[in-house]
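Sequence lines set the chain letters: A, B, ... in the order given, protein chains first and strands last, and positions in each chain run from 1. These figures come from a predicted structure and were not determined experimentally.
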There are 2 protein chains.
Amino acid sequence: MTFSEENYLKTIYHLTSVSDADISTNAIAEKMETKASSVTDMLKKLSEKDLVNYVKYQGVSLTDKGKLAAKMIVRKHRLWECFLVEKLDFSWDEVHDIAEQLEHIKSEKLINKLDDFLGNPTEDPHGDPIPDANGRIIKVEKELLSEFEKNQIGICVGVKDTSSDFLKYLDKQEIALGSQIEIIEKESFDSSFRIRVGTKEITISNKIASNIYIK
Amino acid sequence: MTFSEENYLKTIYHLTSVSDADISTNAIAEKMETKASSVTDMLKKLSEKDLVNYVKYQGVSLTDKGKLAAKMIVRKHRLWECFLVEKLDFSWDEVHDIAEQLEHIKSEKLINKLDDFLGNPTEDPHGDPIPDANGRIIKVEKELLSEFEKNQIGICVGVKDTSSDFLKYLDKQEIALGSQIEIIEKESFDSSFRIRVGTKEITISNKIASNIYIK
DNA sequence: AATTAAATTTAGACAAAGCTAAAAATTATA
DNA sequence: TATAATTTTTAGCTTTGTCTAAATTTAATT
């Protein structure tokens, strides 16, 4: 499997986890910052290899084979992210681009040994679940902070947006995985929140609250 | 720089360290298991980028820029080999192919953090020197076991051939980096050696002796 | 239902990196 | 030194993954 094929599978996998319906050519093109025509070409190729169910003009979904392959890529990506943060002391906003490269290294033995070396983590540094060697995922029920109401208290267990900018913002506000967050006030006008993080009180926009997972 | 360009630079670097003279197109082709015509194409490209000095029909050498780039690839390869052996518990005959992939990961920060994580090793699991972040290499004077004479004693500090087959042979004979080796007898007929490794006495061919470095 | 708009696919082109086969340059040999 | 052998390069083709522009299909709107 080529890097490019792997990237397409991964993108389809991620898009599927959001919408559930078949994925459109344009959605893939947009996410991968490429052209729809390139996507069409690749979908044909992946379909040839039985990695996706593709019907012209109707969108795609992953086959079982494709889904497993995608999960293995995600597994690698997230394990490498753990390695970078826990062993090499990277911060959580720096690891994505490097993991994008490392996820394509081909060696089952390597990834399973890495998994053991890291103590078989179930979540990456952003709170996303890590598929095991068989593709199984432990799902943690979690809610967006934006769904919470006044006086509720929760623990930050993940982020939806994993962009460097967003993560740096969270660092600045001292919000990290494990932080306790209490809703002090929910402003009805703009749906912004007044929250307590640790001892500090801060105000965050609804957009921010919509990208933080709480349990 | 593409993977392919990096592989060519690395190959030229390795060939240079053996012969010193300009490297021929065919020598590169043979080492890389590719065709001479493909090599010519790539040499033009590398020459364009000022990574090699290339004169048609006359062979190539690395420019300073090319040599530094090559050293950085070798640095990455050897640091990853250390990681695989020391942290992930791979044996020394398993790491080459995986390191061939890992050496192309692009992130200076990653490789320098990995270097620190490993305790800034100066040699890889085969006894080969690891260039530092500036490309400097600590050379250890070492000799081939085949050059040794009767009754001399030395420590195995490296191997010339790093193929899996050879390394597995050494494992079987319980020869490892750091093993003490004593020449008991040198057979003049076929230049084979009777040696003592630790407590055991074994006979090795000249070919084997010509691939073990001793200090 | 017809027409317009949007999404998707096809056709044809390009760059990278490889190949084969033929041509050219270099080296070796008679 | 002329010829043969070897090495190297060139020319042209292939594949992968991309692109643009045109054609087609589907969806939306009047």
- Note on the structure: Side-chain contact check for B:Thr40: nearest option of C:dC19, D:dT8, D:dT16 is D:dT8
- Query: From the list D:dA11, D:dA21, D:dT18, which nucleotide is the closest neighbour of the side chain of A:Ser37?
  - Reply: D:dA21
Answer with base, sugar-phosphate or nothing: what part of the nucleic acid does [X] contact at a heavy-atom distance below 4.0 Å?
X       : result
A:Tyr54 : sugar-phosphate
A:Phe3  : nothing
B:Ser4  : sugar-phosphate

Length of the line joining [X]:[atom1] and [N]:[atom2], which is rounded to integer Å:
X       : N      : atom1 : atom2 : result
B:Lys44 : C:dA16 : NZ    : P     : 14 Å
B:Met42 : C:dA15 : CE    : P     : 16 Å
A:Lys56 : C:dA7  : NZ    : C1'   : 14 Å
A:Tyr57 : C:dT8  : OH    : P     : 10 Å
B:Asp41 : C:dT20 : CG    : P     : 13 Å
B:Glu5  : C:dA16 : CD    : P     : 9 Å
B:Asn7  : C:dA16 : CG    : C1'   : 14 Å

- Heavy-atom contacts under 4.0 Å between residues 18-36 of chain B and DNA chain D, which residues? B:Ser24, B:Thr25, B:Asn26, B:Ala36
Is the closest basic N to carboxylate O distance between [X] and [Y] below 4.0 Å?
X        : Y        : answer
B:Glu6   : B:Lys106 : yes
B:Arg78  : B:Glu123 : no
A:Glu187 : A:Lys150 : no
A:Glu5   : A:Lys49  : yes

- Those residues at least two apart in sequence (or on a different chain) that pass side-chain contact (heavy atoms from CB on, under 4.5 Å) with B:Glu100 are B:Lys10, B:His77, B:His96, B:Glu103
- Taking only the side-chain nitrogens and oxygens of B:Ser38, find out if one of them lies under 4.0 Å from OP1 or OP2 of C:dC19. yes
- Less than 6.0 Å separating the ring centroids of A:Phe90 and A:Phe83? no
Donor-acceptor pairs under 3.5 angstrom involving side-chain atoms of residues 127-147 of chain B: please list them, not counting sequence neighbours.
residue  : atom : partner  : partner atom : Å
B:Asp132 : OD1  : B:Asn134 : N            : 2.7
B:Asp132 : OD1  : B:Gly135 : N            : 3.0
B:Asp132 : OD1  : B:Arg136 : N            : 2.9

